[in-house]
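All residue numbers in this chain count up from 1 along the given sequence.
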Amino acid sequence: MNETQVLAALREQTIELPSWAFGNSGTRFKVFGTPGTPRDPFEKLSDAAQVHRYTGIAPRVSLHIPWDLVDDYGKLAAHAADLGVTIGMINSNLFQDDEYKLGSLTHTDPKVRAKAVAHHAQCIDVMRATGSKELKLWLPDGTNYPGQDDLRDRQDRLAESLQQIYALLDDDHRLVLEYKFFEPAFYSTDVPDWGTSLLHCLALGERAKVVLDTGHHAPGTNIEFIVVQLLRQGRLGAFDFNSRFYADDDLMAGAADPFQLFRIMYEIVRSDALRPDSGVNFMLDQCHNVEDKIPGQIRSVTNVQQATAKALLVDRDALRTAQQAGDVLAANDVFMDAYHTDVRPLLAGLREEMGLDPDPMAAFKASGYLARIAADRIGGQQAGWGA
């Protein structure tokens with residue numbers, strides 16, 4: 001692509017934000033509080049809108065139920081519209097009820113499975129009230145010990161539960177199924193990899209897609225290869241971007257391995273999946289434990305944007321020529337030349353064309369927003385894990 005084409009593609013790029021990233025989070029040992037943390041979903045949306053205000057490419061906010069329960073979702077959607085954003089995916093929660101200790105959609109007790117299915121019916125009602133079109137399901141179910149439960153039976157129960165949920169969707173809804181290779185279960189996880197997720201989605205129907213979380217893989221996994229395979233089948237529904245050093249670290253996107261993020265975005269660009277109508281939803285899914293939340297989201301959005309710009313700059317004709325000639329080093333040089341390009345001036349110019357400050361982070365810090373919310377949000381219960 002030439003610079004004009006690159007800028008045109010970047011103008012169309014959007015990245016969805018997770019509401020929970022603006023609440024308090026931490027480790028298994030401690031959830032940390034921060035002055036000005038939102039106390040309800042309305043304040044979460046206000047903070048998320050700041051990210052869109054300064055980056056220009058984060059117009060949707062994903063909700064988590066029951067963390068984002070409100071009495072009037074029409075009012076919440078109107079609040080989002082007033083802020084210049086919309087409600088994105090609706091995420092279910094199957095990991096915080098006592099009944100789910102031994103499983104939710106895969107539990108041996110049909111009453112527990114029915115409760116888990118009913119929760120998704122509640123989430124679908126939220127979708128209808130907010131205009132959301134996508135239901136995202138991450139399943140924490142699994143076992144810790146060999147012999148604890150029958151592995152095949154768990155898959156059969158999962159398939160039945162997913163079919164019940166899929167049948168509840170409206171015709172214009174999608175179900176996206178996430179996978180994770182371990183945690184909280186350690187011996188077996190019921191949806192541990194992209195193949196298991198894909199098999200269940202294929203059985204459900206065309207409106208079931210796979211969610212790829214960049215932190216949900218074993219060390220050394222070639223994530224971009226998985227991206228290619230899912231795109232070939234038309235079954236990549238969404239990304240959850242974050243960074244990892246060891247496991248599901250949920251660090252800022254592009255912080256741990258920016259080259260991996262570039263490689264992933266190249267395969268997206270190469271498959272023409274960056275377009276808004278591609279059916280692939282790009283979203284952040286991370287927690288901010290030691291950094292401020294809004295700046296952490298801004299940094300993550302701009303990191304993804306930079307990786308995308310570099311991916312768009314790959315000289316694909318030169319790359320193909322080198323590949324066809326078997327010139328290994330020349331092909332790698334083309335790839336690395338794009339990765340080493342400093343795209344910050346290009347993106348600064350793009351933001352100025354969009355009427356934005358060329359430096360989103362500096363502009364947000366200068367706004368004084370963090371100090372204002374710290375002074376204004378006194379009292380009440382801060383939002384966080386479990387709230």
- Task: Starting from the C-alpha separation in whole Å, work towards a yes-or-no answer on side chain to side chain contact (heavy atoms under 4.5 Å, CB included) for R344 and L347.
- Result: CA-CA 5 Å; R344 290 174 297 179; L347 292 171; 5.8 Å; no
- Side-chain cluster (under 4.5 Å, hydrophobic types only) that V314 belongs to, other residues: F259, F262, Y266, L319, V334, F335, M336, Y339
- Does D249 reach the side chain of S243, with side-chain heavy atoms less than 4.5 Å apart? no
- Given side chains that start at C-beta, do those of V228 and R270 come closer than 4.5 Å, heavy atoms only? no
- Item | Verdict with reasoning, D40 to V70, per side chain to side chain contact (heavy atoms under 4.5 Å, CB included) | CA-CA 8 Å; D40 57 47; V70 296; over 6 Å; no
- Query: Do Q229 and R232 have side-chain atoms, one donor and one acceptor, less than 3.5 Å apart?
  - Reply: yes
- Task: Give a yes or no on whether I378 atom CD1 has more than 12 heavy-atom contacts from other residues, nucleotides or ligands under 6.0 Å away.
- Result: yes
- Message: Regarding H119 and S92, do their side chains bring together a donor and an acceptor under 3.5 Å, going by distance alone?
- Response: no
- Keeping the roles fixed (side chain from D248, backbone from H216), state whether a donor-acceptor pair exists under 3.5 Å. no
- Side-chain ion pair, R299 and E291, N-O less than 4.0 Å: no
- Query: Can you tell if the side chain of K75 reaches within under 4.5 Å of the side chain of F42, non-hydrogen atoms only?
  - Reply: yes
- Cluster question for you: counting only ILVMFWY and a side-chain heavy-atom cut-off of under 4.5 Å, with indirect links fine, are F181 and L251 together? no
- Query: Can you check whether I373 reaches E43 side chain to side chain, under 4.5 Å on heavy atoms?
  - Reply: no
- Message: If hydrophobic clusters are built from ILVMFWY residues whose side chains come within less than 4.5 Å, do L261 and V211 share one?
- Response: no
- Please check if atom CZ in R11 has more than 12 non-hydrogen atoms from other residues, nucleotides or ligands closer than 6.0 Å. yes
- In plain terms, say whether R128 and D125 are close enough for a salt bridge, that is, a side-chain N and a carboxylate O under 4.0 Å apart. yes
- Item | Short side-chain donor-acceptor distance under 3.5 Å, Y179 and H217 | yes
- Side chains of H288 and Q297: is there a donor and an acceptor less than 3.5 Å apart? yes
- Query: Taking side chain as C-beta onward, heavy atoms only, is F239 less than 4.5 Å from I268?
  - Reply: yes
- Message: I'd like to know if the side chain of D193 and the backbone of G195 have a donor-acceptor N/O pair within less than 3.5 Å.
- Response: yes
- Query: Under a single-linkage definition using a 4.5 Å side-chain heavy-atom cutoff for Ile, Leu, Val, Met, Phe, Trp and Tyr, are L356 and I15 assigned to the same hydrophobic cluster?
  - Reply: yes
- Steps toward side chain to side chain donor-acceptor pair (under 3.5 Å) verdict (N91, S62): CA-CA 7 Å; N91 296 255; S62 189; 2.6 Å; yes
- Message: Has D150 got a side-chain atom pairing as donor or acceptor with D153's backbone, closer than 3.5 angstrom?
- Response: yes
- Query: Yes or no on salt bridge (Lys or Arg N to Asp or Glu O under 4.0 Å) for R157 and D141, after CA distance, side-chain angles and deciding distance?
  - Reply: CA-CA 12 Å; R157 295 193 292 263; D141 293 15; over 6 Å; no
- Task: Kindly indicate whether the side chain of D109, heavy atoms from C-beta on, has any atom under 4.5 Å from the side chain of E99.
- Result: no
- Item | Cluster check V85, M89: I/L/V/M/F/W/Y, side chain < 4.5 angstrom | no
- hydrophobic_cluster_shared for I90 and L45, side chain cutoff 4.5 Å: yes
- Query: So do the side chains of Q148 and L102 get within less than 4.5 Å of each other, counting heavy atoms only?
  - Reply: yes
- Message: Do L17 and V301 make a side-chain contact, defined as non-hydrogen atoms from C-beta onward lying under 4.5 Å apart?
- Response: yes
- Message: Test side chain to side chain contact (heavy atoms under 4.5 Å, CB included) on D359 and M361; report intermediate values, then the result.
- Response: CA-CA 6 Å; D359 188 337; M361 187 71 77; 3.9 Å; yes
- Run the side chain to side chain contact (heavy atoms under 4.5 Å, CB included) check on V191 and L158 step by step: do they pass? CA-CA 9 Å; V191 187; L158 174 58; 3.7 Å; yes
- Which residues pass the salt bridge (Lys or Arg N to Asp or Glu O under 4.0 Å) test with D171, sequence neighbours left out? none
- Task: Run the numbers on K209 and E178 for salt bridge (Lys or Arg N to Asp or Glu O under 4.0 Å), then give the verdict.
- Result: CA-CA 9 Å; K209 309 281 185 177; E178 194 170 350; over 6 Å; no
- Message: For a quick check under 3.5 Å, do T27 and N289 share a side-chain donor-acceptor pair by atom type?
- Response: no
Side-chain donor-acceptor contacts of residues 277-285 below 3.5 Å, not counting sequence neighbours, with atom names and distances?
unit_1, atom_1, unit_2, atom_2, d
D277, OD1, R275, NH1, 2.0
D277, OD2, R275, NH1, 3.1
S278, OG, A273, O, 2.8
S278, OG, R275, O, 3.0
S278, OG, V280, N, 3.3
N281, OD1, R60, NH2, 2.7
N281, ND2, E16, OE1, 2.9
N281, ND2, E134, OE1, 3.4
D285, OD1, W20, NE1, 2.9

- Classify the side-chain pair S300/Q286 by whether it contains a donor and acceptor separated by less than 3.5 Å. yes
- Distance, nearest 0.5 Å, that separates CD of Q155 from OG1 of T106: 8.5 Å
- Message: Using modelled atom types and a 3.5 Å cut-off, is there a donor and acceptor pairing between side-chain atoms of N93 and backbone atoms of P66?
- Response: no
- Message: If the threshold is 4.0 Å, N to carboxylate O, is there a salt bridge linking D47 and K293?
- Response: no
